[in-house]
Asker: 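Okay, here's the structure, questions in a sec.
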Amino acid sequence: MMGRRAQARPTGVITLNTGSGADAKNHAYPLRTPVLALAFGLVQVQVTTGSPDRVTAADVEFARKLARQAQDFARCVERIHRRGVAA
C-alpha cells in the first residue's frame, strides 16, 4: 500500500523479567552521550546513541518515545499492583 511501511516481524524475542535484581540506571558522561543500563540479574542491556560524540534528531525522537513507553509501563504496573493482582 502507498504511504504505509511494511513492518518486519521480529526474528527473535528476549524476555527480561523485572523483580529482585532488576535495575535501570542512566549514566551521564561529560564528554560523550549517555548510556541507559538495564540490568536483569546477570543480563545487562545498554541503550545508547548511534555515535558516542553526537546526538541526532532520531536519537532524540527515540529517547522521548522510550520515556513515554516506560511511563506507560510504570502506570500499568502500578495500577495492577494497587488492585493486588498477582501474575
Side-chain angles (χ1 to χ4, degrees):
M1 292 173 84
M2 288 294 281
R4 189 171 186 194
R5 274 190 188 162
Q7 189 136 16
R9 296 183 69 87
T11 59
V13 175
I14 298 171
T15 301
L16 302 168
N17 295 312
T18 61
S20 180
D23 194 23
K25 288 184 184 170
N26 180 58
H27 299 281
Y29 300 100
L31 300 177
R32 64 150 289 139
T33 57
V35 174
L36 176 63
L38 307 173
F40 303 88
L42 297 176
V43 175
Q44 185 168 338
V45 176
Q46 293 184 336
V47 180
T48 188
T49 60
S51 173
D53 60 353
R54 72 182 181 93
V55 174
T56 67
D59 294 326
V60 173
E61 182 181 337
F62 176 79
R64 288 179 177 160
K65 184 175 184 177
L66 178 63
R68 285 191 306 270
Q69 294 301 311
Q71 185 62 44
D72 289 348
F73 177 77
R75 277 198 278 279
C76 290
V77 170
E78 290 166 348
R79 184 185 71 245
I80 292 169
H81 179 71
R82 280 193 305 272
R83 283 192 299 194
V85 176

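The first residue in the sequence is number 1, and the count goes up from there.
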Asker: Out of curiosity, R79 CZ to H81 NE2, how far, rounded to the nearest 0.5 Å?
Answerer: 13.5 Å

Asker: Under a 4.5 Å side-chain heavy-atom rule over Ile, Leu, Val, Met, Phe, Trp and Tyr, are F62 and V55 clustered together?
Answerer: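 No, it is not one cluster - the side chains of F62 and V55 are not joined through contacts under 4.5 Å.
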
Asker: Measuring only between side-chain heavy atoms, which start at C-beta, is V43 closer than 4.5 Å to L16?
Answerer: yes

Asker: Between V35 and Q46, which heavy-atom pair has the shortest distance, and what is it?
Answerer: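 Looking at all heavy atoms of both residues, the closest pair is CG1-CB, 3.9 Å.
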
Asker: By side-chain hydrogen bond (donor to acceptor under 3.5 Å, both in side chains), which residues pair with T18, not counting sequence neighbours?
Answerer: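 Not a single residue meets the side-chain hydrogen bond (donor to acceptor under 3.5 Å, both in side chains) criterion with T18.
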
Asker: Once you round to the nearest 0.5 Å, how far does OG1 of T15 lie from CZ of F40?
Answerer: 10.5 Å

Asker: Between CG of L36 and NE2 of H27, what distance do you get to the nearest 0.5 Å?
Answerer: 8.0 Å

Asker: Same hydrophobic cluster for V47 and I14, using side-chain heavy-atom links shorter than 4.5 Å among ILVMFWY?
Answerer: yes

Asker: Do you know which two heavy atoms are closest between N17 and A22, and how far apart they sit?
Answerer: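 In this case the closest contact between N17 and A22 is O-CB, 4.4 Å.
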
Asker: Test of understanding: with side-chain hydrogen bond (donor to acceptor under 3.5 Å, both in side chains), list the residues that count as partners of D53, not counting sequence neighbours.
Answerer: S51

Asker: side-chain hydrogen bond (donor to acceptor under 3.5 Å, both in side chains): which pairs involve residues 58-73, sequence neighbours left out?
Answerer: T56-D59, D72-R75

Asker: For P34 and T48, which heavy atoms make the closest approach, and how far apart are they?
Answerer: O-OG1, 3.0 Å

